[in-house]
Amino acid sequence: MPSVTRLWRLLVGLVAFGLGISLLVHAELGLGPWDVLHQGLADRTGIPIGTMGILVGAVVLVAFWPLRVRVGIGTIANTVLIGLVIDLTLWLLPDSAPLAVRVAEVPTGIVLVALGSGFYIGAGLGPGPRDGLMTGLADRGVGSIRVVRTGIEVTVLALGFLLGGTVGWATALQAVTIGPLVQWFLDRLSLAPPGARVPLLDPAR
């Protein structure tokens, strides 16, 4: 049974991550690759974007079995909780906001995503479904983590864009800032022993 410390850090991390994604969705100025896909699918089906993220995450989890990726309590919590937080937050936020507010939501959302990543990855209770897919493919010899991650994200970004997901300057800003920010928070929030390898430094969720 995971310690209380790890569990509360996991919970805080996933809630912060979901809040960050919610602000980025509400800003309508560009999303990260997976969320572009979720939004495109949501727009086509009428399913809320957070719920769509849960459904996509569940489909991705199916790939864990042939890839022999370990499923932890954090994996399941990641799959479900982030999507629930996104849907609840977007329901509470107004339908529209002034441009200045939306612009401010972008860096705030990115920092929340990075903070949340530092907490939930640092808790060490299992990768998110999209992270696990990335590392599982890399471990099976498909390519390095960098190559696999790039291939997956380019693919889901293209599919999401074709489906109508939002790609904009905020997408590019996330691409260049999320990795360093996650690393900064993870260095300070990880419960791993000093010097231990933490493989997921730039999560795709």
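Starting from 1, each residue takes its place in the sequence as its number.
The hydrophobic cluster analysis finds Val154 isolated: no Ile, Leu, Val, Met, Phe, Trp or Tyr side chain comes under 4.5 Å of it, directly or through other members. Under the 4.5 angstrom side-chain criterion for Ile, Leu, Val, Met, Phe, Trp and Tyr, Val147 has no cluster partners at all.
Distance OG1/Thr5 to CG/Leu10: 12.5 Å, rounded to 0.5 Å. In this structure, OH on Tyr120 lies 9.0 Å from OG1 on Thr75, to the nearest 0.5 angstrom.
Using a 4.5 Å heavy-atom cutoff, the side chains of Asp35 and Leu24 are not in contact. In this structure the side chain of Phe185 never reaches within 4.5 angstrom of the side chain of Ser117, judged on heavy atoms. Using a 4.5 Å heavy-atom cutoff, the side chains of Thr166 and Phe161 are not in contact.
Judged purely by atom type and a 3.5 angstrom limit, His26 uses its side chain to pair as donor or acceptor with the backbone of Pro94. Between the side chain of Ser22 and the backbone N or O of Gly18, at least one donor-acceptor pair lies under 3.5 Å.
No hydrogens or angles considered: a donor-acceptor pair under 3.5 Å links the side chains of Gln183 and Asp187.
Remark: Ala172 pairs with no residue by the side-chain contact (heavy atoms from CB on, under 4.5 Å) rule, at least two apart or across chains.
The minimum heavy-atom distance between Leu23 and Leu112, with the atom names listed, is CD1-CD1, 3.9 Å.
Figure legend: Arg188 and Trp184 shown as a cation-pi pair, the cationic atom lying under 6.0 angstrom from the six-membered ring centre and within 45 degrees of its axis.
Checked against Arg130 for a side chain to side chain contact (heavy atoms under 4.5 Å, CB included), the options Ile152, Val56, Val156 give a single hit: Val56.
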